[in-house]
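Notes follow the structure.
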Amino acid sequence: MPSTPLRDLISSNEVVYCAFCLLPQPMGVEMLARQDWDCVFIDGQHGFIDYADMLAMVVAVQGAGKPVLVRPPLSDEGFIGKALDAGADGIVCPMINTAADARWFAEATNYPPTGSRSWGPLRAIDRFGGDKAAFHANGNDLTEALAMIETEEALDNIDAILSTDGIDGVFIGPNDLSNSLTGGEAVNPGHPKVTESLKVVRDKVEKHNSFAAIYANTPELAHSYIELGFRFIAAGSDVNFLKSGSADMLQALKAGR
Ligand code: 3PY
Ligand code: MG
């Protein structure tokens, strides 16, 4: 089944929901991709996912007809290159705090002249149409590089990050952001300081004609972010889907005894 290109999801005016996954389970992400989620997020930073897992999960999600975002373990250029070569539709890089971080990320995700990505898109060529020359000409435009804004330092440098050539948008991590903005006092993605900074990011993104996605821990937070003007919501995780489904079943079983 051909999937809606990630770029189309990003530029659409509809709200987009992306299932956030931490477990190393190709079949699990395939099941989520076959539900009504618009895309799937594979978390190689905090998830229990190594390269081989990521590879099988990318193939499984795309085989089920959805685009897939991959988050590398921090600034791991090797993992980023291999995820892109494997056909990932986009990369979400954690902790992009400065103009130099953004430049580094753009270099890792783009071929020359925009960046310095090494050539070897073995599965990516097939994923994006099967024509080597066309992929060579358009490869940088076919995949998305989203820089994570999740510290006070990143907020200070948001203009520079958003104006970096080769960065397609930002992805807000409200959990880390709350920890940073409260000086380590709280991990609270609904904290008023987070809400205030989200308004700043939203306005800067509009000014730069760019794009912002955000992670939401709960539906309530997701709705509050949508209210603020964000449309691309990564939510979950698969760990919580498993735990809450299991807890509901157990409660229902025990209630009947
Ligand atoms: C955060 O909220 O800090 C995240 O990284 C979400 O993925
Ligand atoms: Mg984070």
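All figures in this text were calculated on a predicted structure; none of them were measured in a lab. All ligand and atom numbering here is 1-based and tracks the order in the structure.
- Judged by distance alone, with hydrogens and angles left aside, the side-chain atoms of D8 form no donor-acceptor pair with the main-chain N or O of T4 at under 3.5 Å.
- Around the Mg ion (ligand 2), protein N, O or S atoms at less than 2.8 Å number 2.
- Nearest heavy-atom pair across S178 and V187 is OG-CA, 3.4 Å.
- Ionic pairing of D85 and R117 is present here: one or more N-O contacts between side-chain nitrogen and carboxylate oxygen are shorter than 4.0 angstrom.
- For E196 and K199, the salt-bridge test passes: some basic side-chain N is under 4.0 Å from an acidic carboxylate O.
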Taking a 3.5 Å cut-off between nitrogen or oxygen atoms, can you list every pair linking ligand 1 to the protein, with distances?
{"from": "ligand 1", "atom 1": "2 (O)", "to": "P174", "atom 2": "N", "distance (Å)": "3.2"}
{"from": "ligand 1", "atom 1": "2 (O)", "to": "N175", "atom 2": "N", "distance (Å)": "2.8"}
{"from": "ligand 1", "atom 1": "2 (O)", "to": "N175", "atom 2": "ND2", "distance (Å)": "2.9"}
{"from": "ligand 1", "atom 1": "3 (O)", "to": "E150", "atom 2": "OE1", "distance (Å)": "3.1"}
{"from": "ligand 1", "atom 1": "3 (O)", "to": "D176", "atom 2": "N", "distance (Å)": "2.9"}
{"from": "ligand 1", "atom 1": "3 (O)", "to": "D176", "atom 2": "OD2", "distance (Å)": "3.1"}
{"from": "ligand 1", "atom 1": "5 (O)", "to": "R71", "atom 2": "NH1", "distance (Å)": "2.9"}
{"from": "ligand 1", "atom 1": "5 (O)", "to": "E150", "atom 2": "OE1", "distance (Å)": "3.2"}
{"from": "ligand 1", "atom 1": "7 (O)", "to": "R71", "atom 2": "NH1", "distance (Å)": "3.3"}
{"from": "ligand 1", "atom 1": "7 (O)", "to": "R71", "atom 2": "NH2", "distance (Å)": "3.4"}

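- Ring orientation note: the planes of Y111 and W119 are tilted relative to one another, at an angle of 30° to 60°.
- Dense packing is recorded around CE of M95, with more than 12 heavy atoms of other residues, nucleotides or ligands lying under 6.0 Å away.
- Ring geometry, F41 versus F171: the interplanar angle falls from 30° to 60°, so the pair is classed tilted.
- When only modelled atom types and interatomic distance are considered, S180 and E152 share no side-chain donor-acceptor pair under 3.5 Å.
- We find that E30 and R34 are joined by a salt bridge, their nearest charged nitrogen and carboxylate oxygen being less than 4.0 Å apart.
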